[in-house]
Amino acid sequence: VAGIVRVHGAGRPDHVALVQDDRRMTWSELLGRSAQMAQALAAEGVGADDRVAFLDKNGIEHFEVFFGASMLNAVSVDVNWRLAAPEVQFIVDDADAKVLVVGPDFVPILDEIADKLPKVEKFVVIGGEGAAHDHGYVDYEDWVAAHDAVDPGVEADDDDTAFQLYSSGTTGRPKGVMLSNTNFFSLLPMAKEIWELDGDSINLTAMPLFHIGGGGWATAGMYEGCTSVIFRELDPAALIELIEKERITHAFLVPAVLQFMLMVPGVKEADYSSLEVFVYGASPISEEVLAACVEMFKPCKFWQAYGLTETTGAVVNLPPEDHDPTGPNKHRLRSCGVAGPGVELRIVGDDGESALPAGEVGEIWIKSPQVMKGYWHMPEETEKSVTSDGWFKSGDAGYLDDDGYL
C-alpha cells in the first residue's frame, strides 16, 4: 500500500489528498509527511513486519502513520477508541507494538496503561502542546518534524501484511486480523469498477478508521488518487452541511447514520447535487429508511455492501438497479446483493460440510483473494476459520435465493 502515496505523491503532487476541517494536504505533502514518519519510526527500531499502534479518532495523522509504516513494510494497527483501557492495553501488547501514537482525547487511557506496556519503545501524543512532556511522552509534531522527508524505499511483497485490525467477534478475546497487500489490491480496483471512484472523486471518510468500513473505504478512494474528506465526530447535521460545503461525491455510511440524517430539521432543503454514490452496510437497514434515502438523495446511486474485517470489507454488493422500492424486484432490498468480482459464496449446513440448496439457511462461507492472511499469533483460530482450500467460515447465517442473492 506504500505505492499509493508514492505514485500519487509523484504523479499528482498538487492535487488535494486529505481535507480535515480547515486543513488541506496535497499528495506531495502527504508523501513528505509519510516519509518523515517512516524515518521517525525507523529511528525507534521499527522495521519490516513490526507493528505500530494508533489510538485516535479520525484524522490526518492516521494516514501519516499508515503510509509511513508501510514505507518500511511495517504494519499499522488502529485500535478501537471506544474500548476501555484494559482492552486497549491487551491489543497494543498483543500486537507487539514498538510505538504507540495516541490522540489528545486518549491521554488519560495512556496514563492508565503506559507502565503496563513493556514492549512499547515510544509513546507519542498528537496535539500534546506541552501536555505530552508533562506526562513524559513525546509530542507528535516535534517527533515527526525532527526527521528528513526521505523515503526509505523499502518494498513489500504481495503476501506481506499491510494492515492489522482487531475483530472483537462476539466471543472471547479480540483477534488481530492480518490483511495482506494482495487482500487490499484484490478489493481496490473494484472501487473504480463498482463504486465509480476515480481521481476526481471527493470521498467522505466518516466511519471510524479502526473499522474496515472506515480504513478500507478510505484506502479504496486513495488508491484512485481522489480527495478524502475526513469527518472526525459523527454529527448528522454537520454531515449534511459538509456534503454541501465540500461537494462530496462518494460516501460509505452505516444505516443508523442514514436514519439520523433523515431526522435532521431542514434535511430536505440541503443541496445534495454533488452526490454520485452512497455505499451503506455493516448492519441491517429497514426498508422504510432505505426507501426514504433513495428518494431524498436522488439521483445518487445506492450500493449495499456486505463483508467482514476478515474479507477486507465488501464481498457481496446490492447494485443500484435493485434499489427501486416500487419496482418488480423490491424484495431484493432485503438482501445483501450478489457476490462481487472473484468472490464465491456457499451456504453450509449443520454438518459443516455440505452446501445447502437455495432458500435454506446455513452458515455463509466465502472464498475470495480478499480473505485474510490469518489471525496474528493465533494459528489454531486461523485453521478453524479458513479451510485448507481457502473457504472462510463467516459465522453469519444466511441463504441464497434462486437468483443468487444473499
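Values reported hereafter were calculated over all heavy atoms of this structure, with side chains retained and with hydrogens, waters and symmetry mates removed.
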Non-neighbouring partners of E241 that pass salt bridge (charged side-chain N to carboxylate O under 4.0 Å, His left out), sequence neighbours left out: none
Of all residues at least two apart in sequence or in a different chain, which pass the salt bridge (charged side-chain N to carboxylate O under 4.0 Å, His left out) check with E381? K384
Listed partners of Y375 passing side-chain hydrogen bond (donor to acceptor under 3.5 Å, both in side chains), at least two apart: E310
R334: what forms a salt bridge (charged side-chain N to carboxylate O under 4.0 Å, His left out) with it, not counting sequence neighbours? E287
Which residue pairs pass the salt bridge (Lys or Arg N to Asp or Glu O under 4.0 Å) test when at least one of the two sits in residues 185-201, sequence neighbours left out? K192-E224, E196-K301
With L187, which residues qualify under side chain to side chain contact (heavy atoms under 4.5 Å, CB included), at least two apart? M190, W195, T312, Q370
Side chain to side chain contact (heavy atoms under 4.5 Å, CB included) partners for D322, two or more places apart: L318, P319, N329, R332, Y405
Would you mind listing every side-chain hydrogen bond (donor to acceptor under 3.5 Å, both in side chains) that reaches into residues 91-100, with sequence neighbours excluded? D50-K98, D94-Y166, D94-R173, D96-K119, D96-H377
Pairing residues for E288 by the side chain to side chain contact (heavy atoms under 4.5 Å, CB included) criterion, not counting sequence neighbours: S286
Once side chain to side chain contact (heavy atoms under 4.5 Å, CB included) is applied, do any residues pair with T249, and if so which ones, sequence neighbours excluded? S201, I202, E276
Taken in chain and number order and not counting sequence neighbours, the residues that satisfy salt bridge (charged side-chain N to carboxylate O under 4.0 Å, His left out) with E233 are K57
Where at least one partner belongs to residues 255-272, residue pairs that pass side-chain hydrogen bond (donor to acceptor under 3.5 Å, both in side chains), sequence neighbours excluded: R247-D271, D271-S273
